[in-house]
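The structure appears right after this line, and notes come after that.
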Number of protein chains: 2
Amino acid sequence: MAIGRPRTFNKEEALDQALDVFWRKGYEGASICDLTAAMGINPPSLYAAFGNKEALFRQALDRYSETRAGFVREALAAPKAREGIAALLRGTAQSLADKSSPRGCLLVQGIAGAGDHAQCIRDELSARRAAAQKAIRERLKQAQAEGELAADADPAALARYFSTVTQGMAIQAASGASRKELERIADMALRAWPD
Amino acid sequence: MAIGRPRTFNKEEALDQALDVFWRKGYEGASICDLTAAMGINPPSLYAAFGNKEALFRQALDRYSETRAGFVREALAAPKAREGIAALLRGTAQSLADKSSPRGCLLVQGIAGAGDHAQCIRDELSARRAAAQKAIRERLKQAQAEGELAADADPAALARYFSTVTQGMAIQAASGASRKELERIADMALRAWPD
DNA sequence: TGACTTACGTAGTAGGCGCTACATAAGTGT
DNA sequence: ACACTTATGTAGCGCCTACTACGTAAGTCA
């Protein structure tokens with residue numbers, strides 16, 4: 001049996017570069033030419049390794065979740081839900097203002113954008129935002145069951161509210177808001193906590 | 001002097017149709033073909049009447065501000081700033097959920113998106129969002145001068161916070177949030193009011 | 001060494017994009 | 001009636017997009 005010529009680039013590093021381009025330009029704004037230039041490869045190598053543009057974007061989304069959105073899971077794992085939400089909001093501010101990454105959130109960019117062929121991409125982004133919101137809701141339900149959160153509180157509404165704030169913060173960050181400004185927003189958002 | 005052949009379409013109605021397309025698809029997602037089909041005209045008529053795609057979009061933005069975002073000015077004109085902010089948030093919820101219009105906010109769509117040639121469009125949208133935020137800030141400063149708002153409150157931070165919530169609500173609306181859900185978010189956001 | 005398998009670089013493909021040249025139609029002035 | 005001005009419809013421009021056919025390079029096996 002023959003093994004074949006090994007690829008001359010690192011797939012993970014190339015994916016990281018692709019993620020950076022998608023992050024800065026959005027799905028439709030990132031052209032294959034932009035991507036291949038950043039990844040240091042030619043189009044046929046991209047298609048052989050990742051399938052097509054849409055498949056590459058989904059893999060970039062997965063990598064984004066693993067490497068950049070890990071603080072969400074960590075935050076929600078805090079012993080107290082209120083501390084968890086506070087950590088989530090402050091972590092969002094910090095992440096959005098991180099100078100080593102593009103401003104803004106990959107899941108919030110490109111809400112409308114683009115023709116009908118990108119509908120499934122919008123649906124994918126919407127589903128991932130909904131999943132994050134659900135994670136918050138479940139944590140709040142747990143807090144309610146444990147007695148930390150009042151019985152007459154509404155976990156779904158609270159989760160939607162905090163999710164709304166983080167998404168709005170992503171837009172503020174993309175418009176140039178500083179880390180301190182974003183943290184200030186996070187602090188004010190916490191005042192809606194029912195205590 | 002000769003007057004020339006009169007145009008056979010209504011310019012304002014055509015602009016309204018263009019606004020609807022931009023609203024649903026975003027600047028880059030709306031192709032000239034989409035626009036001319038919705039407006040009921042051919043490309044040369046579009047370019048003769050509106051200039052080019054970018055100029056058409058700016059005119060659609062102006063019309064959007066006049067016809068759809070008027071409630072913002074009305075809300076902020078309320079005698080009490082707190083009532084004004086409440087009206088602003090509730091009006092946003094109502095406007096975003098209006099079934100006769102596309103979901104979401106024209107100013108929030110297409111944050112990232114697209115190649116370098118649309119940079120000026122993003123800047124324009126960012127500037128208009130900043131203008132809305134400034135209007136809130138000025139209203140809060142006025143309230144502070146009148147004694148309604150505490151002297152140690154931060155009008156700029158509060159304005160940024162409320163602006164953040166409305167922008168986040170636009171994303172929630174684009175993802176399918178109902179009017180009641182949006183109004184619930186608006187109510188919770190008001191809990192950050194310093195009293 | 002030579003067959004086999006896989007990756008690579010070059011150079012393209014068809015299709016959609018924003019935009020327009022050109023001939024014609026539809027008005028008003030003298 | 002004729003010149004003049006402006007709008008319209010057809011048809012197509014050059015450019016960029018995502019994607020790929022093809023010949024070659026680079027490795028592992030018997």
Side-chain angles (χ1 to χ4, degrees), chain A residues 1-15 17-19 21-22 24-61 110 112-122 124, chain B residues 1-15 17-18 21-22 24-60 110 112-122 124:
Chain A
M1 283 303 142
I3 292 294
R5 175 177 176 177
R7 65 164 55 98
T8 58
F9 64 95
N10 182 307
K11 192 172 174 180
E12 276 206 343
E13 287 177 6
L15 183 55
Q17 295 301 320
L19 168 57
V21 174
F22 280 130
R24 283 185 289 106
K25 301 198 165 194
Y27 174 70
E28 303 223 277
S31 71
I32 296 292
C33 188
D34 294 330
L35 292 164
T36 54
M39 298 163 85
I41 60 179
N42 289 313
S45 297
L46 186 154
Y47 284 89
F50 300 101
N52 56 23
K53 187 183 177 182
E54 183 179 330
L56 173 62
F57 183 71
R58 290 182 196 275
Q59 291 170 69
L61 272 180
D116 312 321
H117 65 285
Q119 180 63 50
C120 55
I121 294 293
R122 268 173 292 177
E124 173 81 27
Chain B
M1 284 302 147
I3 291 294
R5 176 176 176 176
R7 66 164 54 97
T8 58
F9 64 94
N10 182 305
K11 191 172 174 180
E12 277 206 341
E13 287 178 7
L15 184 56
Q17 295 302 319
V21 174
F22 280 130
R24 282 185 289 111
K25 301 199 165 193
Y27 174 70
E28 303 223 276
S31 71
I32 296 293
C33 189
D34 294 331
L35 292 164
T36 53
M39 299 163 86
I41 61 178
N42 290 313
S45 298
L46 186 154
Y47 284 89
F50 299 101
N52 58 21
K53 187 183 177 183
E54 183 179 332
L56 173 61
F57 183 71
R58 291 182 196 275
Q59 291 170 68
D116 311 321
H117 64 287
Q119 181 62 50
C120 55
I121 293 294
R122 267 172 292 178
E124 172 82 27

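Just the heavy atoms: all of them, side chains too, but no hydrogens, waters or symmetry mates, feed the values below. Naming: A, B, ... by sequence-line order, numbering from 1 per chain.
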Exercise for the section: Starting from C1' on C/dG18, measure out to CZ on B/Phe50 and report it in whole angstrom. Expected result: 17 Å
Practice task
For the residue pair B/Phe50 and B/Met39, establish whether any side-chain heavy-atom pair is separated by less than 4.5 Å.
Solution key: yes
Practice task
Indicate the atoms forming the closest heavy-atom contact of B/Val21 with B/Ala38, along with that distance.
Solution key: CG2-CB, 3.5 Å
Handout entry: Atom pair distance, as rounded to whole Å: CG in B/Asn10 and C1' in D/dA7
Key = 15 Å
Problem - Whole-Å gap separating P (C/dG9) and CD1 (A/Ile41) - result: 9 Å
Handout entry: Donor-acceptor pair, side chain of A/Asn52 and main chain of A/Ala55, under 3.5 angstrom
Key = yes
Exercise for the section: Say whether, by atom type as modelled, one donor and one acceptor occur between the side chain of A/Gln59 and the main chain of A/Leu15 under 3.5 angstrom. Expected result: no
Exercise for the section: Taking only the side-chain nitrogens and oxygens of B/Ser45, find out if one of them lies under 4.0 Å from OP1 or OP2 of D/dA7. Expected result: no
Exercise for the section: Rounded off to whole Å, could you give me the CD1-to-P distance for the A/Ile3 and D/dC29 pair? Expected result: 5 Å
Problem - A/Asn42 side-chain N/O to C/dC8 phosphate OP1/OP2 under 4.0 Å - result: no
Problem - Short side-chain N/O contact to D/dA7 OP1/OP2 from B/Thr8, under 4.0 Å - result: no
Exercise for the section: Give the B/S/- string for nucleotides 17-26 of chain D, one per nucleotide from 5' to 3', where a protein heavy atom under 4.0 Å of the base yields B, of only the sugar-phosphate yields S, and otherwise -. Expected result: SSBBB---BB
Handout entry: Test item: A/Phe22 and A/Leu61 side chains (from C-beta on) under 4.5 Å apart, heavy atoms
Key = no
Practice task
May I ask you to decide if B/Ala30's main-chain N or O and B/Lys53's side chain share a donor-acceptor pair within less than 3.5 Å?
Solution key: yes
Problem - Rounded distance in Å - CZ (A/Phe9) to C1' (C/dG9) - result: 13 Å
Practice task
Provide, to the nearest angstrom, the distance between the NZ atom belonging to A/Lys11 and the P atom belonging to C/dT6.
Solution key: 14 Å
Completion exercise
So OH of A/Tyr27 and SG of A/Cys120: to nearest 0.5 Å the spacing works out to 6.5 Å
Handout entry: Nearest-angstrom distance from the residue atom CG of B/Leu46 to P of D/dA7
Key = 13 Å
Exercise for the section: Let me know the distance between CZ of B/Arg7 and C1' of D/dG9, rounded to the nearest Å. Expected result: 16 Å
